[in-house]
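Since the structure comes first, as structure tokens, the remarks are kept for the end.
Owing to the predicted nature of the structure, the values given are computational and were not obtained by experimental measurement. Below, read A as the first sequence line, B as the second, and so on, with proteins coming before strands; counting in each chain starts at 1.
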Amino acid sequence: MQSLQRQIFGQRWRKVVQHGRSATAATDSVEDEMTSHPRFRFAPSPTGFFHVGGARTALMNWALARRLEGTFVLRIEDTDEARNQPEWIQGIIDALAWIGIDESDPHFEGPHFQSANAEAHVAAAHRLFESGAAYYCDLTGQEVQDRAKELGITGYDGYSRDRGLEAGPGRVLRFRVPEGRTIVQDLVRGDVDFDNGTIEDFVLLRGNGAPMFLLANVVDDLEMAISHVVRAEEHLPNTPKQQMLWDALGHAPPVWAHVPVLVNEQRKKLSKRRDKVALEQYRDDGILADAMVNYLMTLGWTPPGAEEAGSEIVTWGQIEADFALEDVNLSPAFFDVKKLTAFNKQYIKNMDPAEYLAAASAQLPPGWDRESFAAIAPHIQERLERLTDVPGAVDFLFWPQGDDSDPIDYDEASWTKATDPEWSGPLLSDVIDAYDALASWDHESLKAAIEEVMVRFEVKLGKAQTLPRVAVTGRTVGPPLFESFEVLGRDETLRRLRAALGRLGS
RNA sequence: GCCCCCAUCGUCUAGUGGCCUAGGACACCACCCUUUCAAGGUGGCGGCACGGGUUCGAAUCCCGUUGGGGGUGCCA
């Protein structure tokens with residue numbers, strides 16, 4: 001148990017002692033058997049696309065559950081009938097699977113559905129009422145507001161605390177917040193001290209008898225024997241309330257850990273409305289799951305050894321072995337698509353050739369020849385930022401071919417750039433002659449032939465290849481040229497070169 | 001308004017009182033290499049929010065200010 005604690009709490013332990021916080025802060029709150037088989041949970045609500053922020057907290061829980069031989073419990077919090085959509089549930093499961101959180105892994109448990117446990121939530125609420133920890137209130141939301149206005153306060157003032165109301169239609173059950181303070185012991189942030197006086201008597205059961213999030217969440221965590229609640233910082237203000245609920249229900253609270261939220265360039269919490277946050281969307285945009293996982297986990301956390309390695313690219317195995325909540329940075333982190341993309345490029349570059357070819361081929365439109373693509377694919381692997389860049393990088397190989405096809409779709413800026421020099425026309429003409437006479441149509445011969453021509457024109461290969469490149473591919477940038485010519489084939493390459501020469505003359 | 005959290009290059013971070021003239025990554029710039037673009041190599045730009053303490057010594061500890069964020073629902 002001692003060594004296990006060190007694995008979980010590690011540095012924080014020392015930190016706690018050094019900073020004069022209670023040395024027992026992080027350890028007292030969990031019962032021994034829980035710590036020896038820690039149970040983490042991820043509890044999303046199915047109200048929209050699966051969010052990158054959710055993916056990050058899920059990943060953290062997953063890493064910890066696996067390393068500590070614990071359990072990752074997936075619980076769908078579907079108690080908001082108005083906003084829940086069943087189709088999002090599968091979306092959550094698929095998204096988790098994509099980032100490697102797999103239902104078939106022995107550390108995975110669930111999905112459980114919060115709605116299925118409604119009876120237990122209500123029963124707990126009734127127990128709270130019986131014990132006097134909660135009371136009924138007949139004020140409507142509007143009336144609460146009106147009173148607050150009158151009294152010059154904000155929120156609910158505890159009006160029904162001692163009115164001895166019984167349950168009834170339209171009456172909500174409120175928690176009787178006790179006097180004193182609530183200290184939340186948080187693995188990421190240390191002790192957070194709340195004055196209970198600033199916490200109003202919150203609602204447990206709605207007027208229609210349905211349980212609220214705060215209650216349902218606690219009852220489920222309790223019943224599922226959750227030992228560690230790792231979630232985003234937006235829940236920190238809820239935590240003292242939940243902790244009071246744990247207390248009132250007669251149980252020691254779990255270990256809390258609140259990681260900072262992810263923000264956009266305006267430094268606001270990532271929002272589904274404003275920002276591109278759907279995991280699914282990044283997947284469809286050609287981001288690799290491994291790259292996403294690596295990026296998400298290194299947002300606010302640096303793997304040990306990253307500095308010496310000069311890279312933040314690490315395997316999931318390393319992440320799982322080293323991730324520690326106490327090492328997570330405390331500030332909100334900007335979700336930077338540029339850096340994600342840089343990671344992605346590295347991951348594509350490092351992909352196994354066969355795996356890469358399969359993934360890249362999957363991006364091709366139906367009509368494009370797979371064999372031609374396979375020939376050029378290795379040459380574009382380290383040039384791709386996203387898988388979705390594939391078609392645009394090789395499209396020229398699959399344009400209509402032959403004399404009756406459409407004219408080449410030149411990029412005008414490229415054309416202008418390539419045809420400026422006086423010598424480019426004559427050079428192109430010589431290249432065509434040389435290629436026409438070429439015995440073997442392979443990239444080495446193709447290169448050698450142009451090199452011979454370029455010597456006569458006293459230009460470097462870099463310049464000499466520009467017009468032929470634009471003539472055949474339509475642009476000044478692209479995959480290695482002679483390999484491209486080789487794949488395209490003699491007839492079509494020559495046809496395009498001649499077409500360009502014709503355009504030059506006209 | 002009130003409660004809570006946070007504060008190191010543009011961004012993500014390393015840093016737990018002397019190894020800091022503050023290190024790395026992404027981005028950006030330059031050069032090298034080069035078959036364009038990439039990749040790779042080398043170098044550069046760029047930061048401890050501010051003000052007070054404590055200390056022989058502070059990015060690191062304390063206080064305050066400022067700034068940012070989260071919460072403040074019969075949402076989750």
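Looking at which nucleotide of RNA chain B each of A:Gly155 and A:Trp301 is closest to, the 5′-most match is held by A:Trp301. Comparing A:Gly462 and A:Ser331 by the nucleotide of RNA chain B that holds the closest heavy atom to each, the one mapping nearer the 5' end is A:Ser331.
Here the side chain of A:Phe194 is nearest to one of B:U13, B:G71, B:C3, namely B:C3. Distance from the side chain of A:Lys268 is smallest for B:G70 among the nucleotides B:U13, B:G70, B:C12. Of all nucleotides listed (B:U36, B:A25, B:G24), B:G24 comes nearest to the side chain of A:Glu307. The side chain of A:Glu312 lies closest to B:C12, out of B:A7, B:C4, B:C12. Closest to the side chain of A:Arg189, out of B:U11, B:U35, B:C6, is B:C6. For A:Lys345, taking side-chain heavy atoms from C-beta onward, the closest of the listed nucleotides B:A39, B:U36, B:G69 is B:A39. If you check B:G1, B:C74, B:C37 against the side chain of A:Arg206, the one that comes closest is B:C74. Checked against B:A76, B:A38, B:U35, the side chain of A:Met212 finds its nearest nucleotide in B:A76. Comparing B:C37, B:U11, B:A14 by their nearest atom to the side chain of A:Arg383 picks out B:C37. Distances were taken from every side-chain heavy atom of A:Leu236 (C-beta onward) to each of B:C37, B:C75, B:C5; the shortest belongs to B:C5.
Aromatic ring orientation, A:Phe396 versus A:Trp399: perpendicular (interplanar angle above 60°, classes split at 30° and 60°). In this pair, A:Phe50 and A:Phe42 present their aromatic rings perpendicular. The plane angle is above 60°, beyond the 30 to 60° band.
Residues passing the salt bridge (charged side-chain N to carboxylate O under 4.0 Å, His left out) test with A:Arg181, sequence neighbours excluded: A:Asp193. Judged as a salt bridge (charged side-chain N to carboxylate O under 4.0 Å, His left out), and not counting sequence neighbours, A:Asp409 has no contacts.
Note on A:Pro44: nothing from the nucleic acid sits closer than 4.0 angstrom, heavy atoms only. Within the nucleic acid shown, A:Leu139 comes within 4.0 Å of at least one base atom, counting heavy atoms only. No contact: A:Glu308 has no heavy atom under 4.0 Å from any strand. Within 4.0 Å (heavy atoms only), A:Gly207 reaches at least one base atom of the nucleic acid. Within 4.0 Å (heavy atoms only), A:His235 reaches at least one base atom of the nucleic acid. Note on A:Leu299: only backbone sugar-phosphate atoms sit closer than 4.0 angstrom, heavy atoms only; bases stay farther off. Contact annotation for A:Lys349: backbone-only contact, meaning every heavy-atom pair under 4.0 Å involves sugar-phosphate atoms and none involves a base. As judged by a 4.0 angstrom heavy-atom cut-off over every strand, A:Gln346 is placed among residues touching the sugar-phosphate backbone only.
A:Trp441 has its ring centre less than 6.0 Å from the ring centre of A:Tyr435.
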